[in-house]
K.L.:
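Pasting in a structure now, in structure tokens, and then I'll have a few things to ask.
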Amino acid sequence: VQLQASGGGLVQVGGSLRLSCIVSGLTFGNYAMGWYRQAPGKEREFVASIGFRDGISTYYADSVKGRFTISRDNAKNALYLQMNNLKPEDTAVYYCAADRAYTDYVLTVADEYDYWGQGTLVTVSS
């Protein structure tokens, strides 16, 4: 199983980035997915989660609500995070994660995820 995150980079305050996570080695539609981030010197924190299959259920951390959008394309085995109006406090390494699901739910507990990607760095300059 591989989760390959990409799309990070350097962006100015107020800018946008779109992160992608391409998944292989599992049946992507059967997994709830999530994005987490870890800033330098801080603990990993939850960013957003989306339910399995059609991804009807979504949930966001308060710090990104209204600015970030999580989505999935099961045909491409891809998870996305559209990040708008970026702030310096969004600077972090962003990780995608997958959890085998049997019902539609979102997952905010990191330890419950089965698989993790390697991370992609987002730097927001002021």
K.L.:
Is I50 reachable from Y60 through a run of hydrophobic residues whose side-chain heavy atoms are each under 4.5 Å from the next?
P.N.:
yes
K.L.:
Are D90 and K87 close enough for a salt bridge, meaning some N to O gap below 4.0 Å?
P.N.:
no
K.L.:
Taking NZ in K42 as the centre, count heavy atoms belonging to other residues, nucleotides or ligands within less than 6.0 Å. Is the count above 12?
P.N.:
no
K.L.:
Distance under 6.0 Å and angle within 45° of the ring axis: does R44 meet both against Y95?
P.N.:
no
K.L.:
Which atom pair, heavy atoms only, marks the closest approach of W116 to Y113?
P.N.:
NE1-CB, 3.8 Å
K.L.:
Quick one: are Y31 and D114 in side-chain contact, heavy atoms under 4.5 Å?
P.N.:
yes
K.L.:
Is the shortest side-chain heavy-atom distance between V11 and M83 below 4.5 Å?
P.N.:
no
K.L.:
Does Q2 have more than 12 heavy atoms from other residues, nucleotides or ligands lying within 6.0 Å of its CD?
P.N.:
no
K.L.:
Should the pair Y36 and F46 be assigned to parallel (<30°), tilted (30 to 60°) or perpendicular (>60°) ring geometry?
P.N.:
perpendicular
K.L.:
Could you point out which residue of V64, L81, V93 forms a side chain to side chain contact (heavy atoms under 4.5 Å, CB included) with R37?
P.N.:
V64
K.L.:
Check side-chain hydrogen bond (donor to acceptor under 3.5 Å, both in side chains) between D54 and all other residues, then give those that pass, not counting sequence neighbours.
P.N.:
none
K.L.:
Around atom CZ of R53, are there more than 12 heavy atoms of other residues, nucleotides or ligands at under 6.0 Å?
P.N.:
no
